[in-house]
Amino acid sequence: MHIYKRFKESNTVTLYNGDCLNLLKKLPSESVDLVVTSPPYCIGKAYEDPHNDIQTFRKQHTKIFKELYRVVKVGGSICWQTGYHISDKCVIPLDYIVYDIFTTLSAKKEHPLTLRNRIIWTFGHGLNSTKRFSGRHETILWFTKGDQTVFNLDGVRVPQKYPGKRSYRGPNKGQLSGNPLGKNPSDIWDIPNVKAKHVEKTDHPCQFPVAIPMRLIKALTNPGDLVLDPFMGSGTTGVAALLEGRRFVGAELMQEYYDISVERLKDTANGDVKIREDKPVTEPNPNTAVAKLPDEFKKAREEN
């Protein structure tokens, strides 16, 4: 598979090393079926300008919105994954800012953006706070440009907790009550985040798991559709798009992460990419040593 640097609609994969606004301006109007991305939070990460702040975040989103809106098809989707802008004084929910900018700037257009879901991505591990409750979730805003056209629920169903449950009254009394393909995954997704020993881990410091864009791509596009990630980082959305038989176009400003994306997309095309299967998080075996409460912990809890 060839990875192109300049976009053509016939390309399977286009990876642009530069400012996403430059890429967006080169894409045809209404050419993108789905946008999936996680933008910089402006909180001083290694790939961010240390002088960036919450106003920078607002300006960046306002700056790209016109072109972002233009390239998405009517009926297409935009999925924006964000967390919090964190300072010494407070935390600011970035999804609130994105919602305000996207809905305000599209309100007077023929096909305004409509929020379809606010998905909560929750994960069990992360940095532990001492002055507030430890953060264990981020959000995904799913917008459609005008009326929704694609939602393939059967492609993203998850196993029921009680698949043998039967209806206890009504005309279906005694019959299995669930869907044989599984249940709707709901708007709360429990998916492990990418930490040091995660099979997908690269050198990118804020990588999200392939399972997130994979669910969105399965549900909101059809095979052959075009998926865009304007802040592609380590290429996670591209990996998911290729695995699901979609075309992909992405932009990454930093050369180091762009190179990682290129290698991951090549590995995906060759069948060598490593991903964590999108499956329910399992509880640890209570009989293993690591799952047992140490005597030191037990004593400290008794004394507290």
Less than 4.5 Å apart, any side-chain heavy atom of Pro159 and any of Pro280? yes
So, Thr202 side chain and His204 main chain: donor-acceptor pair closer than 3.5 Å or not? yes
Report yes or no: does Thr144 contribute a side-chain atom to a donor-acceptor pair with the main-chain N or O of Leu115 at less than 3.5 Å? no
Any side-chain heavy atom of Thr237 sitting closer than 4.5 Å to one from Leu216? no
Are any side-chain N or O atoms of Arg157 and backbone N or O atoms of Pro180, one a donor and one an acceptor, separated by less than 3.5 Å? no
Is the number of heavy atoms from other residues, nucleotides or ligands within 6.0 Å of CD (Glu110) greater than 12? no
Would the distance check show the side chain of Asp53 and the main-chain N or O of Thr56 forming a donor-acceptor pair, the cut-off being under 3.5 Å? yes
Angle between ring planes, Tyr4 versus His2, binned at 30° and 60°: parallel, tilted or perpendicular? perpendicular
Under a 4.0 Å N-O cut-off, is there an ion pair linking Asp33 with Lys73? yes
Can you tell me how far the OG atom of Ser177 sits from the NZ atom of Lys165, to the nearest 0.5 Å? 5.5 Å
State whether the side chain of Glu200 and the backbone N or O of Arg276 hold a donor-acceptor pair below 3.5 Å, judged by distance alone. yes
ring-ring contact (aromatic ring centres under 6.0 Å, His included) filter on Tyr96, not counting sequence neighbours, yields none
With a 4.5 Å cut-off on side-chain heavy atoms, are Val35 and Leu68 touching? yes
Nearest heavy-atom neighbours spanning Leu265 and Gly235: CD2-O, 3.8 Å
Within the distance-only criterion (no hydrogens, no angle test), does the side chain of Thr62 pair as donor or acceptor with the backbone N or O of Lys59 below 3.5 angstrom? no
Side-chain heavy atoms of Pro28 within contact of Phe7, under 4.5 Å: yes
For the residue pair Lys173 and Tyr168, would you count it as a cation-pi contact if the rule is NZ or CZ under 6.0 angstrom from the ring centre and within 45 degrees of the ring axis? no
Evaluation steps, side chain to side chain contact (heavy atoms under 4.5 Å, CB included), between Tyr257 and Met232: CA-CA 9 Å; Tyr257 304 140; Met232 71 176 178; over 6 Å; no
Spacing of Ser77 atom OG and Leu141 atom CG [to the nearest 0.5 Å]: 12.5 Å
With the threshold set at 4.0 Å, does a side-chain nitrogen-carboxylate oxygen contact exist between Arg264 and Asp267? no
Please identify each residue that fulfils ring-ring contact (aromatic ring centres under 6.0 Å, His included) with Phe208, with sequence neighbours left out. none
Can you establish whether the number of heavy atoms outside Asn270 located under 6.0 Å from its atom CG is more than 12? yes
Test side-chain contact (heavy atoms from CB on, under 4.5 Å), reference Lys145, set Val32, Ile78, Val72, output is Val72
Does a salt bridge link Arg118 with Asp187, judged by any charged N lying under 4.0 Å from a carboxylate O? no
Taking atom CZ of Arg246 and atom CE of Met214, what is their separation to the nearest 0.5 Å? 10.0 Å
Here's a test for you: under side-chain contact (heavy atoms from CB on, under 4.5 Å), which of Thr139, Ile212, Ile140, Asp95 qualifies with Ile119? Ile140
With a cut-off of 6.0 Å (strictly less than), are more than 12 heavy atoms of other residues, nucleotides or ligands near CZ of Phe123? yes
Residues Asn184 and Asn179: side-chain donor-acceptor under 3.5 angstrom: no
Looking at side-chain heavy atoms only, is the closest gap between Trp189 and His137 below 4.5 Å? no
Write down the atom of Leu220, the atom of Cys79, and the distance for their closest heavy-atom approach. CD1-SG, 3.6 Å
Can you confirm if the aromatic rings of His61 and Phe65 lie within a centre distance of less than 6.0 Å? no
Could you check whether the rings of Trp80 and Phe102 sit parallel, tilted or perpendicular, using 30° and 60° as the cut-offs? perpendicular
Anything under 3.5 Å between a donor and an acceptor, one on a side chain of residues 8-23, the other on a protein residue two or more places apart or in another chain? List them.
| unit_1 | atom_1 | unit_2 | atom_2 | d |
| --- | --- | --- | --- | --- |
| Asn11 | ND2 | Arg6 | O | 2.9 |
| Asn11 | ND2 | Thr14 | OG1 | 3.0 |
| Asn17 | ND2 | Glu252 | O | 2.9 |
| Asn17 | ND2 | Leu253 | O | 3.4 |
| Asp19 | OD1 | Leu21 | N | 2.8 |

Between the main-chain N or O of Asn172 and the side-chain N or O of Arg169, is there a donor-acceptor pair closer than 3.5 Å? no
Gap separating the CD1 atom of Ile260 from the OG atom of Ser234, nearest 0.5 angstrom: 6.5 Å
Quick check: closest heavy atoms across Ser129 and Ser134, and the distance to 0.1 Å? N-OG, 3.0 Å
To the nearest 0.5 Å, how far apart are NE2 in His125 and CG in Asn193? 8.0 Å
Just so I know, are the side chains of Tyr69 and Leu113 near enough to count as touching, which here means a heavy-atom distance under 4.5 Å? yes
Distance, nearest 0.5 Å, that separates CG of Asp229 from CD of Gln81: 10.5 Å
NZ/NE/NH1/NH2 to OD/OE distance under 4.0 Å, Arg247 and Asp225: no
Hey, would you say the Trp142 and Phe151 ring centroids sit under 6.0 Å apart? yes
